[in-house]
Amino acid sequence: MCRHLGYLGPARSVGDVLTAGTSSLMQQSWAPRDMRGGGTVNADGFGAAWWTDGGVGHYRNPMPIWTDPAVTDTLTSVRSTAVLAAIRSATVGMPVDRSACAPFVAGTFAFSHNGVVTGWPHSVAALAADVPTVDLLRLAAPTDAAALWTVLQHRLGRQEPGEALTGLVRDVDAAAPGSRLNLLLSDGRTLWATAVHHALSVRVDGESAVVASEPTDDDPSWRAVPDRSIVTAAVGALEVTPLDR
């Protein structure tokens, strides 16, 4: 159910982030190594967000990533020290269009969700009770991922990112047991991610930090994230904490 990746480090092209490695995000669109919960092809769109001095840039396309020449043309000309990217395998019954493709962007944040919320939408309807009605009416797409993003944005207004993400996952997990909740959030300086019933790996050193649904290459420094964990990563810094602590 989808794949995503967050990168922090030396400036590189967005196209390179999408295509570099023996198991790049593009490669994972048709040949993922560690899909869980059904599906083998992530062909229902893709997107990337990147940070510059001018703010957050954003590109999304509902077509398979391998069909879009912008990946190896336009996006190779865009360089950034921070990139968040995703490829999509749409849940049955949810729309396949640009508005439903991650990353979702607002302010300085970009967000992606790998997985599915069980019992959607009824199971998590109560979680939207604290969100202003006008924000719900602006829902980016009628999908579980877009709804999680709307709820998370509201919480980010009063909580630190790690706290907001942890609380959201705990609440959704309680309301919709069995949901697969790999969430990825960044402000261009830090990566926050959760692993709940879905694969997640990290690679952090003194030069870069990468959080991904699965390793993009065979580098032995990749580290598998235990299930039911939250990751906080930056260049040279990594914290992996149990969600149930």
Side-chain angles (χ1 to χ4, degrees), residues 2-14 16-18 25 46-60 75 78-87 101-115 130-132 135 138-141 145-172 181-196 200-213 216 225 229-241 243:
C2 309
R3 307 271 84 184
H4 57 203
L5 177 153
Y7 166 82
L8 303 172
R12 58 192 290 203
S13 77
V14 176
D16 184 52
V17 174
L18 293 170
L25 201 63
F46 75 99
W50 57 90
W51 284 258
T52 67
D53 292 340
V56 185
H58 194 203
Y59 181 85
R60 296 184 294 172
L75 294 181
V78 180
R79 295 178 62 82
S80 179
T81 58
V83 178
L84 194 152
I87 52 177
C101 294
F104 300 100
V105 172
T108 61
F109 288 103
F111 169 83
S112 174
H113 168 220
N114 281 184
D130 292 334
V131 178
D135 292 336
R138 293 185 180 128
L139 192 69
L148 292 179
W149 173 226
T150 296
V151 175
L152 180 60
Q153 285 182 79
H154 180 65
R155 296 185 180 200
L156 287 169
R158 61 180 190 270
Q159 296 176 318
E160 293 299 315
E163 179 186 4
L165 202 64
T166 299
L168 177 62
V169 169
R170 287 174 177 166
D171 290 345
V172 174
L181 300 170
N182 275 27
L183 309 184
L184 178 58
L185 176 73
S186 184
D187 61 358
R189 299 183 301 274
T190 304
L191 297 165
W192 297 271
T194 60
V196 177
L200 188 69
S201 294
V202 297
R203 186 181 68 197
V204 174
D205 57 31
E207 294 186 353
S208 65
V210 185
V211 177
S213 298
T216 57
V225 176
S229 296
I230 179 167
V231 171
T232 303
V235 176
L238 173 64
E239 182 179 357
V240 180
T241 306
L243 279 165

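For reference, positions follow the sequence shown, starting with 1.
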For residues [X] and [Y], report the shortest heavy-atom separation together with the two atoms involved.
X      : Y      : value
Gly107 : Val56  : O-CG2, 3.6 Å
Ala209 : Val204 : CB-CG2, 3.9 Å
Pro103 : Leu84  : CG-O, 3.3 Å
Val105 : Ala110 : CG2-CB, 4.0 Å
Gly206 : Val235 : O-CG1, 3.3 Å
Ala233 : Leu8   : O-CD1, 3.9 Å

Could you list the residues that satisfy side-chain hydrogen bond (donor to acceptor under 3.5 Å, both in side chains) with Arg170, not counting sequence neighbours? none
Side-chain contact test, heavy atoms from C-beta onward, threshold under 4.5 Å: evaluate it for [X] versus [Y] and give yes or no.
X      : Y      : value
His113 : Cys2   : no
Phe104 : Phe109 : no
Leu75  : Trp50  : yes
Leu165 : Leu152 : yes
Thr216 : Val210 : no
Pro161 : Leu156 : yes

Got a sec, which pairs hit salt bridge (Lys or Arg N to Asp or Glu O under 4.0 Å) with one end in residues 149-158, sequence neighbours left out? Arg155-Asp171
Rounded to the nearest 0.5 Å, what separation is found between the [atom1] atom of [X] and the [atom2] atom of [Y]?
X      : Y      : atom1 : atom2 : answer
Leu168 : Leu148 : CG    : CG    : 5.5 Å
Leu18  : Phe46  : CG    : CZ    : 7.0 Å
Thr194 : Leu200 : OG1   : CG    : 8.0 Å
Leu185 : Trp149 : CG    : CH2   : 6.0 Å
Tyr7   : Ser186 : OH    : OG    : 12.5 Å
Leu5   : Ser112 : CG    : OG    : 10.0 Å

With no hydrogens and no angle check, is any side-chain donor or acceptor of [X] less than 3.5 Å from a backbone partner on [Y]?
X      : Y      : result
Asn114 : Leu181 : no
His4   : Phe111 : no
Ser229 : Ala195 : no
Trp192 : Asp187 : no

Going through the checks in order, is the side-chain contact (heavy atoms from CB on, under 4.5 Å) test met by Val231 and Leu191? CA-CA 8 Å; Val231 171; Leu191 297 165; over 6 Å; no
Under the salt bridge (charged side-chain N to carboxylate O under 4.0 Å, His left out) rule, collect the residues that match up with Arg203, sequence neighbours excluded. Asp217, Asp219
